[in-house]
Student: 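Could you have a look at this structure, given as structure tokens, before my questions?
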Amino acid sequence: HYDSPKAKKYPLQLITPHNKRRTHSSLQNIPWLKEIEPHCVWINPIDAMKRNIEKDDMVDVYNDRGRVRIITKVTERIMPGVICIHQGEWYNPNEEGVDIGGSANTLTQDGHSPGGAFPLNSSLVEIELFTKNQMEE
């Protein structure tokens with residue numbers, strides 16, 4: 001939650017809503033659907049500017065649970081302090097363990113509520129510009 005002590009380290013709330021081009025992970029690998037709406041992280045221009053991030057930049061979204069490498073969509077259609085990665089992409093870790101598939105589940109909790117459902121509505125994350133120099137380090 002935004003008022004958690006972890007918000008100092010991970011100041012952005014990640015939401016993971018359904019996408020209009022697929023049902024969960026079904027239809028995920030249909031090329032023409034990806035052309036309609038590429039998988040990306042939505043970020044508000046205010047948050048993007050603070051991090052020197054621009055439209056279509058490659059970024060890492062991360063927290064204590066994992067790291068996702070994904071392109072950006074800078075848009076005012078999401079409020080400051082919140083980012084969005086639509087659910088349903090397949091987990092695809094590279095040799096460093098970074099998910100290059102864009103699976104939001106990489107960043108979310110695995111715990112269940114007493115009723116057996118997943119109880120989270122958001123996860124705390126940070127986002128940073130990815131550079132090729134990071135790969136060489």
Student: What heavy-atom pair brings C40 and I70 nearest, and what distance separates the two atoms?
Tutor: C-CD1, 3.5 Å
Student: Dump the intermediate steps for side-chain contact (heavy atoms from CB on, under 4.5 Å) on E128 and R67, then the final yes or no.
Tutor: CA-CA 11 Å; E128 65 184 6; R67 184 173 287 262; 2.9 Å; yes
Student: For R65 and T108, which heavy atoms make the closest approach, and how far apart are they?
Tutor: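 Nearest pair, atom of R65 first, then T108: CD-O, 3.2 Å.
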Student: If I compare all heavy atoms of T106 with all of Y91, which pair ends up nearest, and what's the gap?
Tutor: OG1-CD1, 3.4 Å
Student: What's the verdict on side-chain contact (heavy atoms from CB on, under 4.5 Å) for I127 and R51, showing C-alpha distance, side-chain angles and the deciding distance?
Tutor: CA-CA 8 Å; I127 185 170; R51 294 163 177 84; 3.4 Å; yes
Student: Let me confirm one number: the CD-CD1 distance from Q13 to I78, rounded to the nearest 0.5 Å.
Tutor: 10.0 Å
Student: Side-chain contact test, heavy atoms from C-beta onward, threshold under 4.5 Å: evaluate it for I85 versus L14 and give yes or no.
Tutor: yes
Student: What are the two closest non-hydrogen atoms of Y62 and L107, and how far apart are they?
Tutor: CA-CD2, 3.9 Å
Student: Look only at the side chain of H39 and the backbone of G102, and say whether a donor-acceptor pair between them is shorter than 3.5 Å.
Tutor: yes
Student: Do you know which two heavy atoms are closest between T75 and W42, and how far apart they sit?
Tutor: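 Taking T75 first and W42 second, the nearest heavy atoms are CG2-CE3, 3.9 Å.
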Student: Considering the options I83, V41, D64, D60, which one meets the side chain to side chain contact (heavy atoms under 4.5 Å, CB included) requirement together with V125?
Tutor: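 Considering I83, V41, D64, D60, a side chain to side chain contact (heavy atoms under 4.5 Å, CB included) with V125 is found only for I83.
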Student: Taking C-beta and beyond as the side chain, do P17 and H86 meet within less than 4.5 Å on heavy atoms?
Tutor: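 Of all side-chain heavy-atom pairs linking H86 with P17, at least one is under 4.5 Å.
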Student: With clusters defined by side-chain heavy atoms of hydrophobic residues (ILVMFWY) lying less than 4.5 Å apart, directly or transitively, does W90 cluster with I100?
Tutor: no
Student: Out of curiosity, does V98 fall in the hydrophobic cluster containing I53 (side-chain heavy atoms, cut-off under 4.5 Å, transitive links)?
Tutor: no
Student: Any side-chain heavy atom of N92 within less than 4.5 Å of one from D99?
Tutor: yes
Student: Between K6 and E126, is the closest basic N to carboxylate O distance under 4.0 Å?
Tutor: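 Salt bridge between E126 and K6, a charged N being under 4.0 Å from a carboxylate O: no.
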Student: If a pair satisfies salt bridge (charged side-chain N to carboxylate O under 4.0 Å, His left out) and one of its residues is in residues 72-86, list it, with sequence neighbours excluded.
Tutor: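 Qualifying pairs, neighbours excluded: none.
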Student: Could you tell me which non-hydrogen atom of A48 sits nearest to which non-hydrogen atom of I43, and how far apart they are?
Tutor: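 Reported closest heavy-atom pair: N-CD1, 3.8 Å.
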Student: Between atom OG of S123 and atom CG of L12, what is the distance when rounded to the nearest 0.5 Å?
Tutor: 12.0 Å
Student: Show, in sequence, the C-alpha distance, side-chain angles and deciding distance for C84 and T16, and conclude whether the side-chain contact (heavy atoms from CB on, under 4.5 Å) test is met.
Tutor: CA-CA 6 Å; C84 170; T16 60; over 6 Å; no
Student: Under a 3.5 Å distance rule, please check whether D47 uses its side chain to pair with a backbone N or O of G81 as donor and acceptor.
Tutor: yes
Student: Any donor and acceptor pair, going by atom type alone, linking the side chain of D57 with main-chain N or O of T72 inside 3.5 Å?
Tutor: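 Such a contact is absent between D57 side chain and T72 backbone.
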